[in-house]
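Everything on this sheet refers to the single structure shown next.
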Amino acid sequence: MATTSLQFWKPGTQGPGSSLDRATESEEIIVHAPNLSALGIQAQRERLPIFKHREKLLYCIEEYGVVIVVGETGCGKTTQLPQYLYEAGWAPPGSVIACTQPRRVAATSVASRVANEVGTILGDEVGYIIRFEDVSDKDKTRICYMTDGMLFRETMIDPLLSRYSVVMIDEAHERSIYTDLLLGILKKIRRKRPALRIIVSSATLDAQGLLDYFNSNTALSNNIPPLEQKPEAVIVSLEGRMFPVEIAYLDEPTSDYVRQAVKTIWATHLQQKAPGDILVFLTGREEIERCLSELSELLPDLPKGYPQLHPLPLHAGLSTDEQLMVFEPTPRDVRKVVISTNIAEASVTIEGIKYVIDCGFVKIRTYNPSSALSSLTTVPVSRASATQRAGRAGRTAPGICYRLYTASTAQSLPPSTSPEITRTDLATPILQLKALGVDDLMKFEWVTGPPAESVLRALEHLVAAGMIGADGRLTPSGEKVAECPVEVSIARMLFSSRDYKCGEEVLTISAMVAVQDVFIIPEGAPGALAELERRKFTAEEGPLNDTQDHLTLLNAYNAFVRYGRSSSWCKNHALSFRAMSRAVSIRAQLKKYMVRFGLPFDSCQGDSKRLRQCLASGYWRNGARWVMDGSYRSVRDDKVFHVHPNSVMFNRKPKSGWVVFHEIEETKKTHMRIITEIEPDW
DNA sequence: GAGCACTGC
């Protein structure tokens, strides 16, 4: 197979930012800067598309409570808008402009860029706050970038967010759970503190929905003064900066989009003479590896005179080193092909991409409240996602996006991905809302209401766990657990560690289960090596050598610390250095909460029975018993569960016949992850 | 006898 002819229908140019309108270079540049490098920065700032809208934005923020800013990524809103506000005097001493991001890297990298533009050291006038890292100054910081989760947490300490004059919720179209919770809280705060200004920044599609949300007034009660006649919220549209991206569809649907992706990569490489790298969106690791292997079979057939093709995988399971390879600049005679999961849709930006190939699917986690199980399923992408994926081709020059589905399929795609709050376990969010004084969940103004069944299921869980009393209010232990940055079952485990005298070990286990992907699966030899290494921790490391996943995690952690937290040690034992280091941070943070709640740090001194009893007390809802065919039945409703192949319990019969597990994941089968054997009479 | 979208506190 040498060349493949592609039958693509091209309906003409469309896609993000088809207008190529950028700020003209002839505009007068006003410079207040004292030196040349600052002059360069100032000129750059004024060339951004958002600069033309500066006065309009400032006027709207002065006049309206809520400004919904719509613009493509790259138009400068994240970096410029907080600076405009700062320059216009919105952050006098004692008040701060907050800008929230759904991801940690975004908060840190944007803060550092803005600090540079402002001409200040990061952490002085411009800072950031993410979990484990507060690079801000209580007195000096005027612009603060932060993760939305951190600002939500701050509302638990300061319910009116009184130190902020303006809160900008960035990337609101992603509808992360904390974005939704924050929008609800902010709408409430605005009633009590009208001086607060809110900016919601979003990509196009749902701007009208957000406008209606803020302009509706359903929860108005008698003791709150009526709002002014003028609408609460207004939309400001910014022009995009992105280059046009031509969209091409398949004429006929494909039954195997991985193979179609390989064909399309090959044809693009041979037919498109213009240099530029290729980015392919697939749904998961397995597909990426198949795509890579099928592509490598074609490589020897590359005709003479063509540039080389350099394929690279990109997904979250890779080590940092492997991930960094996709950013290496391409030599002149090589074309890079990055074959990626959804991580490249928003989290990771690779420069130099000119061609995007989109399989049209994504893996999404969905919580089913009636079964209390969450499952990972492959579903068609939304139109918003497809637009975002296509936009990855137009960051530095005009590009092309090949969609591996038909134009009519494209029209039937849902407009946007359902908000996270509609497909997640609400136990923790509801506990936190209760801690914020939202007692009546039906009156809380959700941007999108979660399914009633999810709310009921979460309330039932919280009542059973003793976090909420019969009156619907938080119990004293509920108030404490609401503060803890862990799930309800883990918090219970930490609290009962006092009775079982194993605080030290439970603390470590709590940190380790909070980190995913501790054990690395090496490229090529799926599972085998990792399993070998994992078994070392179960059998050879440490005194607690039962075959239990929780104890294996404990042993791995202790060994990591004992061998000096070294990254090369991790590499040799198929452990993720990133994950292990994160566990160290989480453990330190949880330790502070234990100190605050007066929980002792006893060690069980190798008495694994006490430790396992303590685990059982936390995972009291997650029990299962072994049955003859090697599967398990859940204690709660007799469902069929299987042991996850990553578990050290995989294909071993528990002596007692009973286990508790950390979580259930439903993919092709229903798997219990992180398992510990218990005695039935516990 | 066989598997791992992505975030966040």
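The analysis underlying the following values was restricted to heavy atoms, covering all of them including side chains, and did not include hydrogens, waters or symmetry mates. Naming convention: chains lettered A, B, ... in sequence-line order (proteins, then strands); numbering from 1 in each chain. Values in this document were obtained by computation on a predicted structure and should not be read as measured data.
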Taking distance alone, no hydrogens or angles, what donor-acceptor pairs closer than 3.5 Å link side-chain atoms of residues 481-489 of chain A to residues at least two apart or in another chain?
unit_1   : atom_1 : unit_2   : atom_2 : d
A:Glu483 : OE1    : A:Arg596 : NH1    : 2.5
A:Glu483 : OE1    : A:Arg596 : NH2    : 3.2

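- Taking side-chain N and O atoms only, A:Thr147 has no distance below 4.0 Å to OP1 or OP2 of B:dT7.
- Within 4.0 Å of A:Lys669, counting heavy atoms only, lie sugar-phosphate atoms of the nucleic acid but no base atom.
- Comparing A:Val105 and A:Leu376 along DNA chain B, the residue whose closest nucleotide (by nearest heavy atom) sits nearer the 5' end is A:Leu376.
- Looking at heavy-atom distances under 4.0 Å, A:Thr667 makes contact with sugar-phosphate atoms alone, never a base.
- Heavy atoms of A:Arg673 sit nowhere under 4.0 angstrom from any nucleic acid atom.
- For A:Glu677 and A:Arg652, the salt-bridge test fails: no basic side-chain N is under 4.0 Å from an acidic carboxylate O.
- Summarising the geometry, the separation between CD1 on A:Ile490 and P on B:dC9 is reported as 18 Å, rounded to the nearest angstrom.
- Rounded to whole angstrom, the span from the CD atom of A:Glu665 across to the P atom of B:dA2 amounts to 17 Å.
- Partners of A:Arg290 by salt bridge (Lys or Arg N to Asp or Glu O under 4.0 Å), not counting sequence neighbours, listed by chain and number: A:Asp256, A:Glu294.
- What separates CD1 of A:Ile130 from C1' of B:dT7 is a distance of 13 Å, to the nearest Å.
- Contact annotation: A:Arg365 side-chain N/O to B:dT7 OP1/OP2 distance is not under 4.0 Å.
- Not less than 6.0 angstrom separates the ring centroid of A:Tyr632 from the ring centroid of A:Phe661.
- Distance from the side chain of A:Phe650 is smallest to B:dG1 among B:dA5, B:dC9, B:dG1.
- The phosphate of B:dC6 has neither OP1 nor OP2 within less than 4.0 Å of any side-chain N or O from A:Lys363.
- Residue A:His671 is classed as a sugar-phosphate contact, given heavy-atom separations below 4.0 Å to backbone atoms only.
- Where A:Cys484 and A:Ala316 each meet DNA chain B at their nearest nucleotide, the meeting point lying more 5' is that of A:Ala316.
- If you look at A:Tyr619 and A:His662, their ring centroids are closer than 6.0 Å.
- At B:dC6, one or more side-chain N or O atoms of A:Thr341 fall inside 4.0 Å of OP1 or OP2 (strictly under the cut-off).
- Counting any heavy atom pair closer than 4.0 Å across all strands shown, A:Arg103 reaches sugar-phosphate atoms only and no base atom.
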